[in-house]
Amino acid sequence: MSFDEEWATLRGDAARTRLNGVPGGLGGDADLKSSASKKKAAVTALEQHIQPDVQKAGSSMDEAAEAAAKGFKDWATGAGINEAVKSWRASVKSLQTRLSAEKAALSGTNRLFQGTDIHTGNQFPLLIPQDGKGFQPPFQSRLSGY
């Protein structure tokens with residue numbers, strides 16, 4: 001199975017996934033869970049390993065293909081290799097763009113959850129505590145520790 005086919009399958013599965021249940025079905029665990037440490041580890045892996053490795057693999061293929069294209073420059077094979085190199089570079093660039101977008105999404109998820117939590121909390125009326133020292137929201141967010 002090619003990368004594009006596998007990616008299309010995974011995207012299709014994700015489209016049928018419900019946040020409060022199992023993929024495409026009812027029931028399951030009704031709590032939305034988010035792990036800041038796992039997101040941070042994924043971002044770190046993307047920054048330190050995956051993106052540099054993709055860049056390195058893309059560059060090494062370029063060097064080998066360009067050497068082959070020079071060897072066959074007067075043949076149709078040389079032109080074919082040059083076209084393959086162009087396509088390869090476009091694929092590497094597309095993958096790097098996708099990885100960057102995924103990294104940004106992972107990094108922004110905690111801010112999104114926190115902003116939503118604050119917005120939702122602000123919709124509740126403020127309560128006056130028993131000691132009379134001012135207004136306090138009725139519920140304290142557990143996201144503030146992240």
Side-chain angles (χ1 to χ4, degrees), residues 1-127 134-146:
M1 175 183 290
S2 74
F3 173 80
D4 290 330
E5 291 170 335
E6 183 178 359
W7 182 250
T9 301
L10 292 172
R11 286 180 59 195
D13 291 345
R16 292 185 297 277
T17 300
R18 294 176 39 150
L19 290 177
N20 64 345
V22 295
L26 298 173
D29 191 358
D31 293 332
L32 176 63
K33 293 181 175 60
S34 176
S35 171
S37 62
K38 288 182 180 178
K39 286 186 290 215
K40 187 174 181 177
V43 169
T44 301
L46 281 166
E47 287 175 343
Q48 295 179 1
H49 302 290
I50 298 170
Q51 286 182 304
D53 290 349
V54 166
Q55 188 65 39
K56 185 177 176 182
S59 296
S60 66
M61 190 285 194
D62 277 352
E63 293 167 5
E66 286 173 358
K70 285 180 185 176
F72 290 104
K73 68 178 179 180
D74 296 329
W75 298 52
T77 304
I81 293 173
N82 285 329
E83 286 299 314
V85 168
K86 284 182 192 176
S87 179
W88 175 258
R89 286 181 183 150
S91 294
V92 170
K93 184 177 180 182
S94 175
L95 180 56
Q96 287 286 31
T97 301
R98 187 179 293 173
L99 290 172
S100 293
E102 296 294 335
K103 182 175 66 174
L106 282 168
S107 298
T109 302
N110 192 48
R111 289 187 300 274
L112 174 69
F113 282 154
Q114 206 166 20
T116 302
D117 188 53
I118 290 168
H119 176 72
T120 302
N122 288 338
Q123 293 178 8
F124 288 98
L126 298 176
L127 301 178
F135 295 100
Q136 294 289 325
F139 305 104
Q140 295 294 321
S141 171
R142 289 183 275 164
L143 284 175
S144 60
Y146 292 102

Asker: Donor-acceptor pairs under 3.5 angstrom involving side-chain atoms of residues 48-59: please list them, not counting sequence neighbours.
Answerer:
unit_1 : atom_1 : unit_2 : atom_2 : d
Q51    : OE1    : K103   : NZ     : 3.2
Q51    : NE2    : S100   : OG     : 3.0
Q55    : OE1    : Q96    : NE2    : 3.2
S59    : OG     : Q55    : O      : 3.1

Asker: Among all residues two or more places apart in sequence or in another chain, which pass the side chain to side chain contact (heavy atoms under 4.5 Å, CB included) test with E63?
Answerer: none

Asker: Roughly how far, to the nearest 0.5 Å, is the CD atom of E47 from the OG atom of S107?
Answerer: 6.5 Å

Asker: V92 vs D62, test: side chain to side chain contact (heavy atoms under 4.5 Å, CB included). Steps then yes/no.
Answerer: CA-CA 11 Å; V92 170; D62 277 352; over 6 Å; no

Asker: Is it true that a side-chain atom of S94 and a backbone atom of A90 form a donor plus acceptor pair closer than 3.5 Å?
Answerer: no

Asker: My understanding is that only residues two or more places apart in sequence, or in another chain, count here; which of them pass side chain to side chain contact (heavy atoms under 4.5 Å, CB included) with S60?
Answerer: none

Asker: Mind checking what makes salt bridge (charged side-chain N to carboxylate O under 4.0 Å, His left out) contact with E66, not counting sequence neighbours?
Answerer: R89

Asker: With E83, which residues qualify under salt bridge (charged side-chain N to carboxylate O under 4.0 Å, His left out), at least two apart?
Answerer: K86

Asker: Run the side-chain hydrogen bond (donor to acceptor under 3.5 Å, both in side chains) test against R98 and tell me which residues pass, sequence neighbours left out.
Answerer: none

Asker: Tell me, which pairs form a side chain to side chain donor-acceptor pair (under 3.5 Å) where one or both residues lie in residues 71-81, sequence neighbours left out?
Answerer: none

